[in-house]
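Each remark here refers to the structure printed beneath this line.
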Amino acid sequence: MTHQTLTQSDLAQFTGSEQWFRHGLARKVLYTEGAQFVAENGGAYWLIDEIAFNQAVPKVAAQEFQVWLLTVHADKSATLTCDDGNGKAAFTKRIEYTDFPLPEIRFYFVNNTILLPSEY
């Protein structure tokens with residue numbers, strides 16, 4: 001599979017969303033055009049899945065507003081964390097390998113919708 005290069009400047013174009021996408025399995029979860037762009041151009045549908053599927057974790061679901069941060073390390077491992085927007089962690093997962101093209105990316109999850117911070 002060939003991945004296009006994804007840059008922070010690519011993400012700056014998303015300041016709102018006119019179209020939403022429904023997650024294929026977690027049907028209550030929607031995501032915006034910006035999140036779709038990241039999934040498609042960064043090869044990161046798995047990341048959308050992680051956010052959507054972890055809404056079933058009670059400690060995560062209890063957070064009305066969630067900040068999801070993927071941090072990619074030099075060895076291509078990564079850490080995915082979810083917090084309440086004030087730094088209080090609700091979820092952390094170590095990912096053994098990823099080819100995600102950015103060193104980090106942040107999503108918000110609010111009102112059952114995954115979105116880029118610029119789309120909030």
Side-chain angles (χ1 to χ4, degrees):
M1 179 177 205
T2 305
H3 298 287
Q4 296 178 5
T5 303
L6 183 66
T7 66
Q8 286 295 342
S9 61
D10 292 334
L11 304 182
Q13 68 181 316
F14 297 100
T15 57
S17 202
E18 294 181 9
Q19 182 178 7
W20 289 265
F21 301 85
R22 186 169 303 280
H23 192 275
L25 296 173
R27 302 296 292 164
K28 291 183 180 180
V29 174
L30 302 174
Y31 53 98
T32 62
E33 292 170 282
Q36 168 66 20
F37 183 86
V38 171
E40 192 170 302
N41 292 281
Y45 283 101
W46 64 270
L47 184 52
I48 301 298
D49 289 347
E50 284 284 347
I51 297 169
F53 295 152
N54 279 296
Q55 298 309 309
V57 175
K59 192 172 179 182
V60 172
Q63 305 305 317
E64 237 178 85
F65 180 83
Q66 302 168 17
V67 177
W68 287 83
L69 176 65
L70 176 72
T71 305
V72 179
H73 308 293
D75 65 356
K76 293 294 193 180
S77 68
T79 305
L80 179 63
T81 59
C82 171
D83 71 44
D84 64 358
N86 293 316
K88 184 178 176 188
F91 175 87
T92 301
K93 180 177 182 176
R94 185 179 189 291
I95 297 164
E96 290 189 35
Y97 175 81
T98 182
D99 59 356
F100 189 74
L102 297 176
E104 75 174 31
I105 191 158
R106 187 176 320 265
F107 288 100
Y108 292 165
F109 184 85
V110 63
N111 297 326
N112 289 325
T113 305
I114 301 167
L115 60 150
L116 294 171
S118 60
E119 294 176 299
Y120 185 66

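Here the closest non-hydrogen pair linking G34 and E119 is N-OE2, 3.0 Å. For the residue pair A26 and A52, the shortest heavy atom distance occurs at CB-CB, 3.9 Å. When all heavy atoms are compared, the tightest approach of T79 to T92 is CG2-CG2, 3.9 Å.
Applying the side chain to side chain contact (heavy atoms under 4.5 Å, CB included) test to N112 and every residue at least two apart in sequence or in another chain returns F109. Taking the side-chain hydrogen bond (donor to acceptor under 3.5 Å, both in side chains) definition, one finds that T71 meets it with nothing, sequence neighbours left out. Residues that satisfy the side-chain hydrogen bond (donor to acceptor under 3.5 Å, both in side chains) test with N111, not counting sequence neighbours, are absent from this structure. Under the rule for a side-chain hydrogen bond (donor to acceptor under 3.5 Å, both in side chains), the partners of Y45 that lie at least two apart in sequence or sit in another chain are Q36. In terms of the salt bridge (charged side-chain N to carboxylate O under 4.0 Å, His left out) criterion, residue partners of R106 (sequence neighbours excluded) are, by chain and number, E104. The side chain to side chain contact (heavy atoms under 4.5 Å, CB included) search around D83 returns V67, not counting sequence neighbours.
Transitive grouping of hydrophobic side chains (ILVMFWY, heavy atoms separated by less than 4.5 Å) keeps Y120 and L116 in distinct clusters. Criterion: ILVMFWY side-chain heavy atoms under 4.5 Å apart, direct or through other members. Under it, L115 and L11 are not part of a common hydrophobic cluster. Hydrophobic clustering places L80 together with L6 (ILVMFWY residues linked when any side-chain heavy atoms are closer than 4.5 Å, directly or through intermediates).
Contact check for L47 versus I105: side-chain heavy atoms found under the 4.5 Å cut-off.
Applying the side chain to side chain donor-acceptor pair (under 3.5 Å) definition to pairs two or more places apart or across chains, those involving residues 8-19 are T7-S9, T7-D10, S17-E33. Within the structure, ring-ring contact (aromatic ring centres under 6.0 Å, His included) pairs that include any residue of residues 7-30 comprise F14-F37, F21-Y31, H23-F53 (at least two apart or interchain). Among pairs with a residue in residues 70-100, those fulfilling ring-ring contact (aromatic ring centres under 6.0 Å, His included) read W68-F91, at least two apart in sequence or across chains. Screening residues 64-78 for salt bridge (charged side-chain N to carboxylate O under 4.0 Å, His left out) gives no qualifying pairs among residues at least two apart or on separate chains.
Put simply, CZ on R27 and CG on L30 are 9.5 Å apart, with the number rounded to the nearest 0.5 Å. Note that the CG atom of L25 and the CG atom of D49 stand 7.0 Å from one another [nearest 0.5 Å].
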Could you go through residues 54-61 and list every donor-acceptor pair under 3.5 Å that involves a side-chain atom there, pairing it with any protein atom two or more places apart or in another chain?
from	atom 1	to	atom 2	distance (Å)
N54	ND2	E50	O	2.7
N54	ND2	E50	OE1	3.1
Q55	OE1	Q66	NE2	2.9
Q55	NE2	I51	O	2.9
Q55	NE2	Q66	OE1	2.9

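A side-chain donor-acceptor contact under 3.5 Å links D84 to the backbone of N86.
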